[in-house]
K.L.:
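Just dropping this structure here.
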Amino acid sequence: MHWLETTVALKFLRQNMTQTLLILVGIAVGVSVIVFITTLINGLQANIIDRTLGTQSHIRVEPPDERNLIAPLASNTRRLLLEDPRAQRLRSVNNWQAVQQTLDTLPEVTAVSPVISGPAFARRGNVLKSVSLVGIDPQRYQKIIPVQEDIIEGQFRVGAGDAVIGALLARDLGMRTGSKLRIESGDGRTATVTIAGIFELGVRELDLRYIYLDLKQTQSLLDLPGAVTVIDVTVNDLFQADQIAARIGRLTGLKAESWIETNAQLMNALSSQRLSTTMISFFVAMSVAFGIASVLAISVTQRTREIGILRAMGMQRGQMLQVFLVQGAVLGLAGSAAGSAVGYALVWSFNTFGPKLFYIPLMPSLIPTTMLAAMVTGVLAAMVPAWRAARLDPVEAIRYV
């Protein structure tokens with residue numbers, strides 16, 4: 001763009017200093033709101049997802065549900081059928097070693113862990129508690145749920161008669177590391193284990209019921225030798241878990257359920273949050289655009305004679321059009337730069353002096369993207385006033401009072 005158009009645009013902005021300052025403040029406030037609200041919502045969503053998935057896998061692969069087999073009808077016959085759903089017994093994943101190897105080869109999958117889980121009772125003296133036994137391969141399971149990071153007493157060690165239990169269960173049973181715990185799983189199957197560690201996942205139901213054991217001991221207690229009941233999977237893209245689960249289901253013929261399916265209400269809440277953030281950003285951008293357009297419209301009205309003189313001196317319509325487009329771009333860029341600085345300060349203040357319930361990270365791409373969007377908005381908002389200025393007849397404009 002020629003230096004003349006830029007010079008004229010900046011001169012017009014100086015001549016309308018009051019209006020220019022007001023719209024710059026408006027743009028700065030709008031951009032700061034967009035930066036802060038977007039960062040806050042993203043941080044809140046990341047915190048919610050992290051807390052939700054901190055205690056569960058992204059995908060659970062299980063045996064398909066058992067269904068009643070109904071005998072086929074003979075031709076030209078009818079029947080009335082009253083069917084009760086079939087009770088789902090504790091079953092093993094067929095050929096789970098081969099399934100595990102298949103899942104390990106998928107590029108979307110980051111970790112695979114076989115698990116056997118089932119109900120039992122924990123006894124200490126005359127106190128009996130209903131618990132859930134979770135038999136794991138420690139090295140694989142830690143990649144799914146890092147229980148080691150939630151150990152509050154002892155260490156995460158399973159196998160050779162050692163177990164790890166939840167903090168609330170330990171409190172109810174009056175146990176600490178080194179204590180002996182008797183586990184009863186029915187039909188006379190019992191085991192006595194040593195408490196090697198106590199964890200606190202932050203989920204009451206898990207801290208009250210979970211007992212981590214090694215695979216072999218749990219298989220023996222649940223009377224499923226060599227079996228696993230679930231294969232836990234994590235993937236590299238959380239929000240593609242449902243598509244990946246569908247693919248796993250087709251590959252293995254098993255039931256693959258993603259965290260998106262099991263947390264449908266959470267996903268609805270996250271979608272609503274994203275929609276509200278988009279709406280806020282849109283309406284703030286619209287207010288900024290109308291503000292820029294109004295300032296430039298006033299500028300065209302107040303500087304009609306100057307525009308006519310410039311046109312009479314040989315400035316082309318295209319050049320005059322560019323003058324006001326430059327004004328819109330300058331207003332958008334300057335206002336967004338100030339607004340981005342204020343938005344960054346708000347984010348820093350929230351992380352430093354806020355409630356500190358969670359941390360909101362500022363995405364590196366957010367500020368330049370917001371500034372670019374504000375500058376484009378400024379140019380688009382300047383289109384109508386610029387078109388009006390470019391179409392002014394020089395003779396009529398010079399006679400304008």
Side-chain angles (χ1 to χ4, degrees), residues 6 9-54 202 238-239 266 269-296 298-299 324-382:
T6 305
L10 295 176
K11 180 180 178 181
F12 283 178
L13 286 176
R14 287 196 301 269
Q15 290 173 342
N16 296 275
M17 186 58 68
T18 302
Q19 296 95 324
T20 300
L21 288 177
L22 288 176
I23 192 57
L24 283 175
V25 170
I27 295 171
V29 171
V31 170
S32 64
V33 168
I34 291 174
V35 170
F36 180 69
I37 291 297
T38 302
T39 304
L40 179 64
I41 295 300
N42 288 341
L44 176 61
Q45 291 185 349
N47 179 71
I48 292 173
I49 291 173
D50 182 65
R51 288 180 179 273
T52 301
L53 297 183
L238 295 176
F239 296 100
L266 172 62
L270 295 179
S271 299
S272 298
Q273 285 182 341
R274 282 195 292 269
L275 179 60
S276 64
T277 304
T278 302
M279 291 180 64
I280 291 172
S281 301
F282 173 76
F283 285 113
V284 169
M286 288 296 293
S287 65
V288 168
F290 282 121
I292 294 174
S294 64
V295 167
L296 296 183
I298 293 172
S299 178
F324 287 91
L325 295 181
V326 168
Q327 289 188 67
V330 170
L331 286 171
L333 183 60
S336 63
S340 296
V342 174
Y344 179 84
L346 289 174
V347 172
W348 178 84
S349 299
F350 180 89
N351 288 330
T352 306
F353 306 110
K356 297 183 179 179
L357 297 175
F358 58 93
Y359 176 80
I360 54 173
L362 182 62
M363 295 184 297
S365 61
L366 180 59
I367 287 180
T369 301
T370 305
M371 291 180 64
L372 178 61
M375 188 169 67
V376 171
T377 301
V379 172
L380 295 176

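Quick note: numbers below take in every heavy atom, side chains included, and nothing from hydrogens, waters or symmetry partners. Note that the numbering runs from 1 along the sequence shown for the chain.
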K.L.:
Could you pull out the closest heavy-atom pair between Pro368 and Pro364, with the gap in Å?
P.N.:
CD-O, 3.3 Å
K.L.:
Can you tell me how far CD1 of Ile367 sits from CD1 of Ile34, rounded to the nearest 0.5 angstrom?
P.N.:
12.5 Å
K.L.:
What pair of heavy atoms forms the shortest contact from Met371 to Ser340, and how long is it?
P.N.:
CG-OG, 3.5 Å
K.L.:
Would Thr370 and Thr38 count as a side-chain contact (heavy atoms from CB on, under 4.5 Å) here? Give the steps.
P.N.:
CA-CA 11 Å; Thr370 305; Thr38 302; over 6 Å; no
K.L.:
CG of Asn47 to CG of Asn42: how many Å apart, nearest 0.5 Å?
P.N.:
12.5 Å
K.L.:
Considering non-hydrogen atoms only, spot the tightest contact between Ala374 and Ser336 and give its length.
P.N.:
CB-CB, 3.5 Å
K.L.:
Once rounded to the nearest 0.5 Å, what's the spacing between atom OG of Ser349 and atom OH of Tyr344?
P.N.:
10.5 Å
K.L.:
Quick one: are Phe350 and Pro355 in side-chain contact, heavy atoms under 4.5 Å?
P.N.:
yes
K.L.:
Kindly give the heavy-atom pair with the smallest separation between Gly339 and Val31, and that separation in Å.
P.N.:
C-CG1, 3.8 Å
K.L.:
So, taking the atom named OG1 in Thr277 and the one named CD1 in Ile41, what distance separates them when rounded to the nearest 0.5 Å?
P.N.:
4.0 Å
K.L.:
For a quick test of reading the model, state the closest non-hydrogen atom pair linking Ala285 to Thr377 and the distance between them.
P.N.:
O-CG2, 3.9 Å
K.L.:
I need the Tyr359 OH to Thr352 OG1 distance, nearest 0.5 Å.
P.N.:
8.5 Å
K.L.:
With sequence neighbours excluded, what pairs up with Thr39 under the side-chain contact (heavy atoms from CB on, under 4.5 Å) test?
P.N.:
Val35, Val347, Ile360, Leu362, Leu366
K.L.:
Please report the shortest heavy-atom distance between Val284 and Ser287, naming the atom on each side.
P.N.:
O-OG, 2.6 Å
K.L.:
Rounded to the nearest 0.5 Å, how far apart are CG of Leu40 and CD of Gln273?
P.N.:
9.0 Å
